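All heavy atoms count here, side chains included; hydrogens, waters and symmetry mates do not. Note that the structure is a prediction, hence the values are computed from the model and not measured.
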2 protein chains.
Amino acid sequence: MDVNKVVAEIVKKNGGELSGIYFVACGGSLVDMYVADYFMKAEVLKAGTGLYTANEFVQVVPKRLDEHSVVILCSHGGNTPESVAAGEVAQKRGAITIGLTHNKHAELLKVSDYSFLYEWGDGAKVLNNPMAIILDLTVSLVNATEGYSSYDKFREGMTIIDTVVDNAKKQVQDRIKVFADKYQEETMYYILGSGPSYGHAYGFSICSLMEMQWLDSTSVHSGEFFHGPFEVTDKDTMFILLMSQGRTRPLDERAKVFLDKYAEKVEVVDAKELGLDLIPDEVSEFFNPILFYSVLSEYRSALANNRNHDLDVRRYMGKVEY
Amino acid sequence: MDVNKVVAEIVKKNGGELSGIYFVACGGSLVDMYVADYFMKAEVLKAGTGLYTANEFVQVVPKRLDEHSVVILCSHGGNTPESVAAGEVAQKRGAITIGLTHNKHAELLKVSDYSFLYEWGDGAKVLNNPMAIILDLTVSLVNATEGYSSYDKFREGMTIIDTVVDNAKKQVQDRIKVFADKYQEETMYYILGSGPSYGHAYGFSICSLMEMQWLDSTSVHSGEFFHGPFEVTDKDTMFILLMSQGRTRPLDERAKVFLDKYAEKVEVVDAKELGLDLIPDEVSEFFNPILFYSVLSEYRSALANNRNHDLDVRRYMGKVEY
């Protein structure tokens, strides 16, 4: 499907009324929705929102979910039982469901009023990945119902982001090797990030490190770091700091000043230095996680390579019942 | 101040209109707000909500924040600069601020339209701790504006929770010693929880373990566990599983079945077994974190004692500039 067409149909069906947009998925797919929820929390005047791991949405359906609500669902394989159940629950309430998947035979499609079969893999443009599609759907729905003053800038950003990402991936090729050589023996990683990027601090922790490398890890919000977590800091604690472009950058900068002083194992991944400032200031923050996902994937490949631990190896998922 | 009085005054001032309740704090104080935000997301028909680490709220003020919004702030010491700044920002927008602190000379009081000097320490009833006050304010504000069908049951729960907590603390005295003896050498803890209790899985991780014990840790939502994190599981991985009473219990039960099979170091803290089912079913879930905080404080004391690492020792907070 096409984002513009879906938005136009929903607006027509709902008479321009939008009571909320809800983001429901699991694991990596949920991570990809974080920035859209952040956009809603920051920029919306009327509509409700919420980010839900699918089974929690199924058990605790938001009371305000109604026929003027949109529920966006995503499942890469398309058959995650909790996500399919969430689509059923949403449709029973009369909400409009939009499902995203990489599997054209997905069960998710059966509970999706609108659906997107997205591109994936090395050749795919980030514009056609689920994160960008979900963000675009969200921003466009808000613009079409309440209005969003930076919508033109957002559209401009969407045309630039693939170039930014391609350049950034090239830019980090040397440093990812240095990173992997230096830190391949580490067993615990603290991933710091803020605002639109916190979702990908969490995502790198649970997907790239825990799931794909069986490594201990945690994500810490840069703003929360100084209220508990920073007491773990010493010269042996390993940190990856995601420095966002945009309004929450001061939070990341504060963390950097502290880490520069008290930590020795720190990898800084800076969206600004990686070219995100090419995108208009009014909207660049919303593109941070798209950049971070692609760049961090380079880091994890280098790490997996050095550690001789293939990114696709699982011991439970797809192997045992749970 | 008194919750009923504050709610009555706000309702009068706002003509019964409530555009949202926002929860803004840092670290342990933010943890105490999690369940109130969960209540809002689940039970509210109109009002907006959001849970914010204070500096993110300051940098990215929600566009919908207005004079019909209530912003609840909390700072134990009362002078957390980000939280005080958040109060200023909220008041500038015309929102009503409610500040909670344990310090009668707090800067926070200067930016609070209403304030609560709460009780703290071993002798204090949980009813008079910030978590219960914030929850009560939230539920009562919603009831007074939109109505909440289980409000009478909630009030009943508030009269029972101190007894439940007192009994549970006695109930765990033997097992916390066994726990501390068994796990005192562990260096990485996975804390699992769901729904209203996820905030305290996070809180135990960042405050009790990282801050007070300088131990590595992470919190994982029980529903997310199967979508990445569970790949770290083996017989040497240490888990603390918070099993909630209420709607999200099936998520915790699923995690338990898996851990019983594939992990060996697992401590289950079960709200139901600890007596939370004394509270009416309609509302018992909202009391999970109040019980968990008190019970987990017993666990951390036993651990600190065995590890000979005093809970009050800091190396950065209050020691260096940051």
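Put simply, CG on B:D234 and CZ on A:R315 are 5.0 Å apart, with the number rounded to the nearest 0.5 Å. Within the model, atoms CE of B:M210 and OG1 of A:T237 stand 11.0 Å from one another, a figure rounded to the nearest 0.5 Å. The CZ atom of A:F225 lies 8.5 Å from the OH atom of B:Y316; values are rounded to the nearest 0.5 Å. Rounding to the nearest 0.5 angstrom, the gap separating the OG1 atom in A:T218 from the OH atom in B:Y202 is 8.5 Å. Expressed to the nearest 0.5 Å, how far NE2 of A:H221 lies from CG of B:L30 amounts to 9.5 Å.
Between B:R64 and A:K46 the shortest side-chain heavy-atom distance does not fall below 4.5 Å. In this structure the side chain of B:H227 reaches within 4.5 angstrom of the side chain of A:T80, judged on heavy atoms.
Only the backbone of A:L51 comes within less than 4.5 Å of a heavy atom of chain B; no side-chain atom from C-beta onward does. Proximity to chain A involves both the backbone and the side chain of B:V60, based on heavy atoms less than 4.5 angstrom apart. There is no contact between A:A54 and chain B, counting heavy-atom distances below 4.5 Å. Contacts between A:Y38 and chain B at a heavy-atom distance below 4.5 Å involve the side chain alone, from C-beta outward. Residue contact with chain B, scored on non-hydrogen atoms closer than 4.5 Å, involves the backbone of A:V61 exclusively. At a 4.5 Å heavy-atom cutoff, A:S29 makes no contact with chain B through either its backbone or its side chain. Contact annotation for A:V232: both backbone and side-chain heavy atoms come within less than 4.5 Å of a heavy atom of chain B. Of the atoms belonging to A:M188, it is side-chain heavy atoms, and not backbone ones, that fall under 4.5 Å from chain B.
With chain A as the partner, the residue from B:A47, B:A255, B:G228, B:S222 showing the most heavy-atom pairs under 4.5 Å is B:G228. Highest contact tally toward chain A, considering only B:G195, B:P250, B:G223, is held by B:G195 [criterion: heavy-atom pairs under 4.5 Å]. Comparing B:T248, B:L65, B:V44 by how many heavy-atom pairs each has under 4.5 Å with chain A, the most go to B:V44. Looking only at heavy-atom pairs under 4.5 Å with chain A, the residue among B:D66, B:T233, B:V320, B:L215 that has the most is B:T233. Among B:E224, B:R314, B:E285, the residue making the largest number of heavy-atom pairs under 4.5 Å with chain A is B:E224. Contact tally against chain B (heavy-atom pairs below 4.5 Å) for A:R249, A:E321, A:R247: the top residue is A:R247.
A salt bridge links A:R254 with B:E82; the closest basic N to acidic carboxylate O contact falls under 4.0 Å.
Under a cutoff of 6.0 Å and an axis angle of 45°, B:K41 and A:Y22 do not form a cation-pi pair.
A donor-acceptor pair is defined here as one N or O able to donate and one able to accept, closer than 3.5 Å; no such pair exists between the side chain of A:E43 and the backbone of B:K63. For B:E211 (side chain) and A:P229 (main-chain N/O), no donor-acceptor pair under 3.5 Å exists by modelled atom type. The backbone N or O of A:S194 lies less than 3.5 Å from no partner atom in the side chain of B:E56, so there is not a single donor-acceptor pair.
Ring geometry for A:F226 against B:Y322 counts as parallel: the plane angle stays under 30°, on a 0 to 90° scale with 60° as the upper cut.
In terms of heavy-atom proximity, B:D216 sits nearest to A:Y190 at OD1-OH, 2.7 Å.
Just one of B:Q213, B:M317, B:M212 meets the side chain to side chain contact (heavy atoms under 4.5 Å, CB included) condition when paired with A:E231; it is B:M317.
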